[in-house]
Amino acid sequence: MSSTDVRKEAEDSGPSGYAAARLRLLSEGAQSGPPRRSALSELTDDWLSGLFTAGTEGMRGVSLVAVGGYGRGELSPRSDLDLLLLHDGSDSGAVAALADRIWYPVWDLGLALDHSVRTPAEARKTAGEDLKVQLGLLDARHLAGDLGLTAGLRTAVLADWRNQAPKRLPELQELCAERAERQGELQYLLEPDLKEARGGLRDATALRAVAASWLADAPREGLDDARRRLLDVRDALHLATGRATDRLALQEQDQVAAELGLLDADTLLRQVYEAARVVSYASDVTWREVGRVLRSRAVRPRLRAMLGGGKPVAERSPLAEGVVEMDGEVVLARAARPERDPVLPLRAAAAAAQAGLPLSLHAVRRMAAHARPLPTPWPAEAREQLVTLLGSGAPTIDVWEALEAEGLITRLLPDWERVRCRPQRNAVHIWTVDRHLIETAVRASEFTRRVHRPDLLLVAALLHDIGKGWPGDHSVAGEIIAKDVAARIGFDREDVAVLATLVRHHLLLIDTATRRDLEDPETVRSVAEAVGTQSTLELLHALTEADALATGPAAWSSWRGSLVTDLVKRVAAVLAGDDPAEPEAAAPTAEQERLAIEAVATGSPVLSLRAQTEPPTGEEPSGDPEPLGVELLIAVPDQSGVLPAVAGVLAMHRLTVRTAELTALDLPDGVEGSVLLLNWRVAAEYGSLPQAARLRADLVRALDGSLDIAGRLAERDAAYPRRRGVVAPPPRVTVASAASRLATVIEVRAQDAPGLLFRIGQALEDASVRVRSAHVSTLGANAVDAFYVTGPEGAPLPGDEVASVTRKLEETLRG
């Protein structure tokens, strides 16, 4: 059925006909996108006009006006109806009755309504006091009644807006900034608000308002398409959920993608991010232009007086060859010739980033349109300008985004296209892949004084995750891409090999430090073999920290930094020629010996809690040191079930385990008995730490069987209803066969949950294996734990037993 037929059906049948016609329009799927929004608006126009006409017999000086999104003719399936009943004030009683005749049928159909009844003077006064009202009136559209009344209001509101623009536009900019602070950036959020987040539909509407002021205008290229794409996604979201929502929640993304005919949720998010990036960039350029115009207006009268009425000439300050600063932006010099100077885009970008200034939109577009491609390999100047750009710190981000908005980045680095706007479905990552790479370069710029080859560090930071656009292990794919890119931009063979190694092993240090036993010589040897040289180790150390800092707050801490630094020192010693000896049993400290003797004497566990602090990695102590967590020392008479008992008690008290070691302690001569020593580092999940006496009392009960840990944890889980969300991937248990000659290393990757370590410990205990040490790491919602286990006699497990243990452990976690 065509939109004309649908409208006719609605006219013939009244309100119930409108409801049926609306349902038919939204459910048949014959139309989508702008045509459906227009058809829905037209259908609603006809219905409301009919209601208005039926209630206005003999009335004059009144009109019905659509404002906001409805005024633009952009009704989504669950959009509010924004209506203004405009009147001349001659008969307020009749107008009130008319309002009831229009509003109540709308409410009766369950439609959301944002309504007001005002005279033109009242509408203008309210708009002058409330910026949001004024923005809505800028899109006022006549529906029915006195056309002259509506036209007069539109003319007056536009005139007010243009006259008051120098005052209202800064207010609008502040409103946009506050909203962005609350909602975040649409182009990086896994569950974005399509309307309120920065780069969303609200910002697109703000750009329309700026254009209506005649003070400045947004860059038009791609903006309408970006706005249309966001509206299309919102339409599909409304249809998929049946609700008036603008938040694209994880659990709805597959359904929304299917509604739009897209491959999957990642494709959907990438399109949303691309659209948001266009709107965000247009906003940056537009607000910069607004600021320039307002500053110029404020200064111009004084300059004219000083210069006798002559027109002031903008000052141009040279920054680099072919690049100057003018009026707070970086522009091309008059003599610049992009068509003859292929290095100009990188030189201009580096100069802008070094000066902390934005690149002029006109300059970027001119270079995009006329710059020649760089030869392969790049000339030395081009490579040096890229390194300068990457090493400029935070200003690099805005300059890079300006180049990317006009397609210059993918022209310089074609492999960038695969990571551009690519989402990362991992709670640890707060950026898309491409933005994470730039953030890593920004972080790496802080460490350039720590390495001998800062150029290699910065380029490795830019490329370390470049393989995420390809199938398989991104480190392996990235190594191949990095070799190609490094050779193309002009590095020699040795440097290409170093960059390839850095990309291939950019996760090696953090993974090893947090998941392997650093006392095991095989661990250190394997890292030294992979890294190869001291200089590469130095670069890898800096890259590891930059990568983690650029990932998000959950990926780095002083504790992680201390582990990585410890590993680097050990590997450096091996690379210097020192062979790590087989570990010997370390002599117990005085405190450990005291606890062990007390445990033997009392026949029960004893423990101590002590805060551990250390200055951030690579920094001198200053002020209060940063806490690394709390050291928990426990001495227990040797018995079975110690690991699950301790893990369960800690879970009950909401303590997060960061590292865990369990060893048998040699007692002083004359002291009989065997003691297990647990040296763990823990942190409170909520609030303060529990008292040591309470932990000890619960541990005694757990070991004697009177405390039902599994039952207590289950009760707590049942008390907190689970939120609906994405289904976590199943747990995975693997064996790192070459990780140690002294023990079998079992790795567990699973969704983090209270009591997870307790369940793992219980499963290992049931399998009659001994846990020599545990290395626990939690990244966002993912737990990655490594357990060094042996048989009862202290040797690594035989192959068939290993397979049985891993299978049973995986079954336990799946259950």
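Just so you know, these numbers use all the heavy atoms, side chains as well, and skip hydrogens, waters and symmetry mates. Being a predicted model, the structure only gives us computed values, none of them experimental.
- Using a 4.0 Å cut-off between charged side-chain N and carboxylate O, K569 and D566 make no salt bridge.
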Verdict with supporting geometry, M652 and I709, side chain to side chain contact (heavy atoms under 4.5 Å, CB included) = CA-CA 8 Å; M652 283 175 47; I709 294 176; 4.1 Å; yes

Pair V675-V636, side chain to side chain contact (heavy atoms under 4.5 Å, CB included): steps then yes or no = CA-CA 6 Å; V675 173; V636 187; 5.9 Å; no

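- Looking at Q762, its side chain never comes within 3.5 Å of a backbone N or O of P644 through a donor-acceptor pair.
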Using the side chain to side chain contact (heavy atoms under 4.5 Å, CB included) rule, take D495 and L456 through it: C-alpha gap first, then chi angles, then the decisive distance, then the call.
-> CA-CA 7 Å; D495 289 347; L456 295 181; 3.9 Å; yes

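- For E591, the side-chain contact (heavy atoms from CB on, under 4.5 Å) partners two or more places apart in sequence, or in a different chain, are T589, R594, L595, S608, R610, L633.
- Counting only distance, with no hydrogens or angles, the side chain of T744 and the backbone of L797 share a donor-acceptor pair below 3.5 Å.
- Comment: R515 does not engage D785 in a salt bridge, judged by the lack of any side-chain N to carboxylate O separation of less than 4.0 angstrom.
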Report the C-alpha separation of R516 and E522 in whole Å, then their side-chain angles, then the decisive distance to 0.1 Å, and conclude whether the salt bridge (Lys or Arg N to Asp or Glu O under 4.0 Å) test is met.
-> CA-CA 10 Å; R516 293 291 180 265; E522 196 62 31; over 6 Å; no

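- Side chain of R770 to backbone of V789: no donor-acceptor contact under 3.5 angstrom is found.
- Shown here for S640 and E765, the closest heavy-atom pair between the two residues is CB-OE2, 3.1 Å.
- Taking T432 as the reference, D434 meet the side-chain hydrogen bond (donor to acceptor under 3.5 Å, both in side chains) condition, with sequence neighbours excluded.
- Judged as a salt bridge (Lys or Arg N to Asp or Glu O under 4.0 Å), not a single pair has a partner in residues 788-804 (not counting sequence neighbours).
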In sequence, state the C-alpha distance, the side-chain angles, and the governing distance for E810 and R814, and then conclude on salt bridge (Lys or Arg N to Asp or Glu O under 4.0 Å).
-> CA-CA 6 Å; E810 198 163 87; R814 286 177 185 272; 3.8 Å; yes

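- Scanning all heavy atoms of the two residues, the minimum distance from V805 to A767 falls at CG2-CB, 4.0 Å.
- Side-chain atoms of R712 do not come within 3.5 Å of backbone N or O of L707 as any donor-acceptor pair.
- Under the rule for a ring-ring contact (aromatic ring centres under 6.0 Å, His included), F787 has no partner lying at least two apart in sequence or in another chain.
- In terms of the side-chain hydrogen bond (donor to acceptor under 3.5 Å, both in side chains) criterion, residue partners of S535 (sequence neighbours excluded) are, by chain and number, T533.
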Show your working on side chain to side chain contact (heavy atoms under 4.5 Å, CB included) between D547 and H436 and close with a plain yes or no.
-> CA-CA 8 Å; D547 180 19; H436 168 68; 2.9 Å; yes

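- Evaluation of the side-chain hydrogen bond (donor to acceptor under 3.5 Å, both in side chains) rule for R422 yields no partner, not counting sequence neighbours.
- Within 6.0 Å of the CD atom in Q534, the count of heavy atoms belonging to other residues, nucleotides or ligands exceeds 12.
- Counting only residues at least two apart or on different chains, the ring pair (Phe, Tyr, Trp, His ring centres under 6.0 Å) pairs with a member in residues 505-530 are H464-H506, H474-H506.
- A search for salt bridge (Lys or Arg N to Asp or Glu O under 4.0 Å) contacts involving R435 returns E401, E439, not counting sequence neighbours.
- Every residue two or more places apart in sequence or in another chain that forms a side-chain contact (heavy atoms from CB on, under 4.5 Å) with R694 is listed here: H653, Q691.
- Partners of E446 by side-chain hydrogen bond (donor to acceptor under 3.5 Å, both in side chains), not counting sequence neighbours: none found.
- Evaluation of the ring-ring contact (aromatic ring centres under 6.0 Å, His included) rule for Y188 yields W431 as partners, not counting sequence neighbours.
- Listed by chain and number, the residues in a side-chain contact (heavy atoms from CB on, under 4.5 Å) with S768 amount to none (sequence neighbours excluded).
- Within the 4.5 Å cutoff, the side chain of V476 has heavy atoms near those of the R504 side chain.
- Side chain of Y788 to backbone of D517: a donor-acceptor contact under 3.5 angstrom is found.
- Note that CG of L518 is 8.0 Å distant from OG1 of T512, once rounded to the nearest 0.5 Å.
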